[in-house]
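Heads up, the thing below is written out as structure tokens.
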Amino acid sequence: MDSTGVTHILEHTVLCGSQRFPCRDPFFKMLNRSLSTFMNAFTASDYTMYPFSTQNAKDFQNLLSVYLDAVFFPCLRELDFWQEGWRLEHKTPTDPSSRLMFKGVVFNEMKGEFSDNERLYAQRLQNKLLPDHTYAVVSGGEPLAIPDLTWEQLKHFHATHYHPSNARFFTYGDLPLEQHLQQIEEEALSKFERTEPNTAVPSQTHWDKPRVDHVTCRPDALAPDPMKQNTLCMSYLLGDITDTFETFTLSLLSSLMISGPNSPFYKALIEPEIGSDFSSSVGFDGSTRQASFTIGLQGMAEADTETVKHIIAQSIDDIIATGFEEEQIEALLHKIEIQMKHQSTSFGLALASYIASCWNHDGDPVQLLKISENVSRFRQCLKENPRYLQDKVQHYFKDNTHRLTLTMSPDERFLEKQAEAEEQKLQQKIQNLSDADHKDIYEKGLQLLAVQSTTQDASCLPALKVSDIEPIIPYTPVQLGTAGGVPVQCCEQPTNGMVYFRAMCNLNSLPEDLKIYVPLFCSVITKLGCGELDYRQQAQRIELKTGGMSVSPQIIPDTDDLDLYEQGIILSSSCLDRNLPDMFQLWSDIFNSPHFDDEQHLRVLVMMSSQELSNGISYSGHMYAMTRAARTLVPTADLQETFGGMDQVKFMKSIAEMTDLTSVLRKLPWIKRHLLNPENMRCAVNATPQKMSDAAGEVERFMGNIAANRKERKPVRPTVVERALDPQAASSASRKLISEPHFKPCQMKTYFQLPFNVNFVSECVRTVPFSHADYASLCILARMMTAKFLHGEIREKGGAYGGGARMGGGGLFSFYSYRDPNSTQTLSAFRGGVEWARAGKFTQQDINEAKLSVFSAVDAPVAPSDKGLGCFLNGITDELKQRYRERLFAVTDKNLIDVAGRYLGVGQQTCGVAILGPENESIRKDPSWVVK
């Protein structure tokens with residue numbers, strides 16, 4: 001056991017070719033030869049999982065063959081180990097005088113992970129709370145320990161751990177089980193003898209006294225308060241996760257202690273504004289052999305350390321003394337009932353993840369799935385002993401000596417020290433090299449480059465054909481009606497006793513200077529209290545009566561014109577059908593009498609929101625880069641930057657820094673008047689046929705209740721275009737879109753300097769809208785260029801964790817890279833992709849594979865709760881979808897060469913570029929870049 005990341009690198013390497021499928025990288029190649037709805041692999045702290053899903057029976061068989069062969073009979077070639085794990089190589093592999101450096105996909109991925117403060121903290125917390133065995137090491141790989149792993153060790157680990165006797169198989173769905181079992185037996189199990197694997201994880205020795213520890217991290221340039229960047233948590237070791245009922249009880253107890261404004265820790269730690277939010281490690285963790293519970297804050301000042309420790313201890317005493325209100329417990333059990341009824345499209349995968357840890361330690365996975373039984377038993381325990389939960393708190397928290405207090409503080413030199421340590425490690429490796437080794441490194445670098453640059457023969461892999469794709473989409477019937485003069489779309493679906501409600505409200509009359517406040521308004525409008533309820537009572541009522549209520553900004557590009565769009569907010573909620581009146585009563589109160597008077601609670605919500613945005617950049621840097629790159633190309637992208645780009649991150653940081661939020665509070669009622677106005681509204685309801693008339697009646701009553709908010713207001717932008725909701729029907733219901741006929745796209749290059757050690761790079765090009773004849777060709781081109789060119793350049797050769805191109809409905813063709821060691825070099829790879837396509841360097845097979853890949857996304861399963869939504873939101877009817885489908889089938893090589901030249905060729909396109917990354921000398925000196 002060590003932190004070389006052997007398990008993680010092995011997960012990558014087994015997917016690089018196997019006995020029956022010896023081509024390079026069957027995993028990425030199968031993405032384009034199948035209609036899979038999911039394909040991936042992950043390494044946890046004590047197991048690696050290889051999940052996939054598909055709706056096609058032939059495809060299931062194909063993927064099962066590829067996965068079984070990869071896992072049990074991989075090639076594990078040395079070159080694949082270098083590419084995926086780590087290698088010493090010249091910065092420019094063809095130039096032996098360029099400096100040597102560490103490269104490798106996992107090496108770069110883990111550098112990215114370890115520059116993420118939350119991820120770093122969670123990792124150290126686990127290492128230090130469970131120091132005796134496997135949890136003390138980093139299963140993903142500690143960046144500077146990765147170069148200690150040898151190819152021999154990798155192969156040895158596979159030989160000792162990847163055996164059916166140490167494996168578990170999980171299938172879910174409606175295909176006959178006998179067939180999978182037979183296939184698993186024939187292709188894998190029958191080729192092995194049973195062994196007794198020695199992989200059990202022993203219990204952690206229980207400490208007799210609590211421990212304290214400290215770690216450092218990089219400073220956060222976007223922290224809401226630069227003086228408050230510390231984290232402090234207390235972590236408690238709990239019981240064995242194979243005791244399923246005890247685990248169920250403790251995870252419920254954890255939710256009662258920390259979830260929502262009614263929980264004791266929220267009141268004690270969040271409301272006094274000592275920190276910006278709970279640490280992201282807070283809560284119950286059942287992913288290790290013994291579960292743990294963590295409580296603490298991020299975004300706090302070092303001076304408050306003792307205060308926080310005291311509050312945690314005091315809160316535990318208070319819970320033991322007073323317990324929990326019955327309504328809090330009911331709200332939580334109601335939430336479990338909804339989770340069991342709500343159907344997601346990845347239900348089977350979610351179950352696999354849910355049972356993995358317990359089953360991995362020989363717990364009973366079936367017992368774990370008997371949730372209703374656990375709920376009944378839980379109710380029984382409470383009935384027999386009203387202090388049941390308080391006794392658990394006493395035992396697991398008050399009297400528990402296995403407790404770790406871990407603090408984290410920023411170190412200005414953190415990234416520098418990381419770089420110095422890497423340089424030291426590198427020099428140490430280089431010093432031990434002989435002349436022959438140097439020559440060998442150079443030759444192997446060229447060899448790897450040659451392999452990466454040759455077109456691979458993938459004919460050994462199974463593949464579906466384009467003819468296996470259904471030519472016609474299934475039709476989704478929707479009924480259009482009105483309620484109180486507001487258009488309503490009803491879609492009858494097997495929703496399992498749930499009702500789903502959405503309302504779209506446009507913001508055409510909202511003054512321009514208030515637009516940047518819209519995301520803040522959306523995130524707080526359901527959390528400030530309404531009607532007779534203060535924010536605590538409102539939160540409890542939402543939990544008790546609904547599956548959640550949310551509001552979010554919405555920008556919907558027109559399907560025919562890039563300078564035309566709908567702007568608004570979407571309200572969405574769901575409930576069990578017995579709670580319909582309660583759900584609409586809550587919405588009525590939010591429309592009629594929202595509370596805008598609690599400055600202190602608003603400040604708490606602002607801090608949490610700002611912290612969340614700042615934390616999210618290192619996970620979604622490519623999304624921020626794409627949003628910024630596109631902002632000067634189409635009006636929708638400019639608005640997207642305002643609502644969800646770096647502009648919004650900086651705006652929320654500035655709000656979080658304000659000492660008095662009264663001025664912000666005053667703006668909310670203004671925004672509410674413009675946004676929550678039935679004049680600008682349309683609704684959609686998804687429910688079972690039996691419940692639809694009840695739901696429609698409730699919508700009608702809701703409209704009556706909020707009619708006083710209806711007011712015709714003048715749009716701010718002069719050009720409004722109306723689009724009929726149903727072109728076939730005679731009804732006058734319409735969507736009101738904003739047109740910007742004078743919008744002039746322009747080029748712009750922006751660089752955001754951030755404290756990361758990897759880059760996120762994007763280039764966007766303005767092309768055509770969804771209904772245009774060339775749209776389908778651009779979609780196929782993006783997918784083909786990603787699979788056949790950009791993946792090789794950006795990930796295999798460049799060492800980025802990911803990269804590619806995508807075509808969006810708003811008419812933007814976007815290139816991107818994720819956790820990328822390179823910056824401007826990647827922009828050259830994007831250009832290279834366009835030249836490759838223009839030169840027609842692809843085959844008919846490449847086109848067919850790209851079609852399969854696009855169709856697997858187009859035909860991804862849609863949950864009953866979401867059926868008919870596309871039509872409701874952006875007017876994309878089944879007829880439009882069918883026309884797009886036929887165009888996708890019809891795309892030819894000539895179309896692809898043509899659109900690559902016409903829209904993406906140099907001089908043809910209007911493009912924007914953005915990079916988020918570390919300090920970059922050459923960009924800073926280049927006047928064509930705007931550096932932020």
Side-chain angles (χ1 to χ4, degrees), residues 1-28 40-50 66-89 101-111 113-114 133-167 188 191-192 195 197-199 201 422 425-426 428-429 432-433 437 440-441 443-445 447-448 451-452 795-796 799 801:
M1 286 182 309
D2 54 40
S3 294
T4 57
V6 59
T7 51
H8 184 189
I9 292 170
L10 188 56
E11 169 223 310
H12 280 243
T13 319
V14 299
L15 297 172
C16 288
S18 59
Q19 282 177 19
R20 281 178 62 200
F21 309 112
C23 66
R24 276 187 68 245
D25 220 355
F27 175 78
F28 277 97
N40 212 333
F42 350 85
T43 298
S45 306
D46 51 14
Y47 66 84
T48 297
M49 184 175 187
Y50 295 88
V66 171
Y67 267 74
L68 285 170
D69 207 55
V71 168
F72 293 112
F73 311 105
C75 300
L76 300 183
R77 292 173 285 238
E78 192 173 16
L79 280 178
D80 294 326
F81 167 62
W82 291 343
Q83 176 182 291
E84 296 298 320
W86 76 277
R87 62 187 182 276
L88 269 180
E89 189 177 270
M101 60 190 291
F102 290 128
K103 294 185 185 177
V105 173
V106 171
F107 179 76
N108 283 321
E109 179 190 352
M110 295 313 293
K111 268 176 72 172
E113 288 277 334
F114 275 83
H133 200 260
T134 190
Y135 305 120
V137 300
V138 181
S139 63
E142 180 96 52
L144 293 188
I146 290 173
D148 294 334
L149 182 68
T150 66
W151 179 43
E152 267 57 44
Q153 288 167 329
L154 181 88
K155 291 186 293 186
H156 177 71
F157 190 93
H158 183 272
T160 50
H161 290 77
Y162 275 49
H163 188 287
S165 305
N166 192 40
K191 301 175 181 174
F192 291 88
T195 62
N198 175 25
T199 53
V201 177
E422 185 182 329
K425 182 87 182 177
L426 181 66
Q428 196 185 328
K429 289 269 179 204
N432 299 330
L433 297 176
D437 291 336
D440 191 39
I441 285 171
E443 281 166 6
K444 281 179 171 168
Q447 193 187 340
L448 181 60
V451 171
Q452 288 170 340
R795 180 174 163 125
E796 293 184 350
Y801 188 58

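Atom set for the values below is all heavy atoms of this structure, side chains included, hydrogens, waters and symmetry mates excluded. Position 1 is the first residue of the sequence; numbering continues from there.
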Non-neighbouring partners of Thr199 that pass side chain to side chain donor-acceptor pair (under 3.5 Å), sequence neighbours left out: Asn166
So NZ of Lys103 and CD of Glu89: to nearest 0.5 Å the spacing works out to 4.0 Å
Which atoms form the tightest heavy-atom contact between Val14 and Tyr50, and what is the distance? CG2-OH, 3.4 Å
Sidechain N-carboxylate O distance under 4.0 Å for Asp148, Lys425: yes
To the nearest 0.5 Å, atom CD of Gln83 lies from atom CZ of Arg24 at 5.0 Å
If you apply the rule side-chain contact (heavy atoms from CB on, under 4.5 Å), what do you find for Leu10 with Tyr162, and how did you get there? CA-CA 10 Å; Leu10 188 56; Tyr162 275 49; 3.5 Å; yes
I'd like to know if the side chain of His156 and the backbone of Glu152 have a donor-acceptor N/O pair within less than 3.5 Å. no
Please find the pair of heavy atoms, one from Pro197 and one from Ser165, that lie closest to each other, and give the distance. CG-O, 3.4 Å
Might you point out which heavy atoms bring Gly17 and Pro26 nearest each other, and give the distance in Å? N-CD, 3.1 Å
Just by distance, do the side chain of Glu142 and the backbone of Ser3 share a donor-acceptor pair under 3.5 Å? no
Looking only at heavy atoms, which two atoms of Arg20 and Asp69 are closest? And how far apart? N-OD2, 2.7 Å
Donor-acceptor pair, distance only, cut-off 3.5 Å: does the side chain of Lys444 make one with the backbone of Arg87? no
Side chain to side chain donor-acceptor pair (under 3.5 Å) partners for Glu11, two or more places apart: Thr43
Going through the checks in order, is the side-chain contact (heavy atoms from CB on, under 4.5 Å) test met by Asp437 and Leu88? CA-CA 11 Å; Asp437 291 336; Leu88 269 180; over 6 Å; no
Side-chain contact test, heavy atoms from C-beta onward, threshold under 4.5 Å: evaluate it for Phe72 versus Pro164 and give yes or no. yes
Nearest 0.5 Å please: distance from the CZ atom of Phe21 over to the CG atom of Leu68. 9.5 Å
Once you measure the plane-to-plane angle for Trp86 and Phe102, does it fall in the parallel (<30°), tilted (30-60°) or perpendicular (>60°) bin? perpendicular
So, the side chain of Thr13 versus the backbone of Leu76: is there a donor-acceptor pair under 3.5 Å, distance only? no
Roughly how far apart are Phe28 CZ and Cys16 SG, rounded to 0.5 Å? 8.5 Å
All heavy atoms of Gly141 vs all of Phe114, minimum pair found to be O-CE1, 3.7 Å
Say whether, by atom type as modelled, one donor and one acceptor occur between the side chain of Asn108 and the main chain of Tyr801 under 3.5 angstrom. no
Output for pair (Leu433 CG, Gln428 CD), nearest 0.5 Å, gives 11.5 Å
Where is the tightest heavy-atom contact between Leu15 and Ala70, given as atom of each residue plus distance? CD2-CB, 4.1 Å
Report yes or no: does Thr4 contribute a side-chain atom to a donor-acceptor pair with the main-chain N or O of Leu149 at less than 3.5 Å? no
Not counting sequence neighbours, which residues clear side chain to side chain donor-acceptor pair (under 3.5 Å) with Thr7? List them please. none
Apply salt bridge (Lys or Arg N to Asp or Glu O under 4.0 Å) to Glu84 and list each qualifying residue two or more places apart in sequence or on a separate chain. Arg795
The criterion is ring pair (Phe, Tyr, Trp, His ring centres under 6.0 Å); which residues satisfy it with Tyr67, sequence neighbours excluded? Phe52
Take Phe107 and Lys111, measure what side-chain contact (heavy atoms from CB on, under 4.5 Å) needs, and give me the verdict at the end. CA-CA 6 Å; Phe107 179 76; Lys111 268 176 72 172; 3.6 Å; yes
Please confirm whether Lys191 makes a cation-pi placement over Phe73, using NZ or CZ under 6.0 Å from the six-membered ring centre and within 45° of the ring normal. yes
Treating His158 as the side-chain partner and Val71 as the backbone partner, does any N or O pair qualify as donor plus acceptor under 3.5 Å? yes
In this structure, are over 12 heavy atoms from other groups packed under 6.0 Å from Asn432 atom CG? yes
Hits for side chain to side chain donor-acceptor pair (under 3.5 Å) against Thr150, two or more places apart or cross-chain, chain-then-number order -> Gln153
Could you state the interatomic distance from CZ (Arg77) to CH2 (Trp151), rounded to the nearest 0.5 Å? 10.5 Å
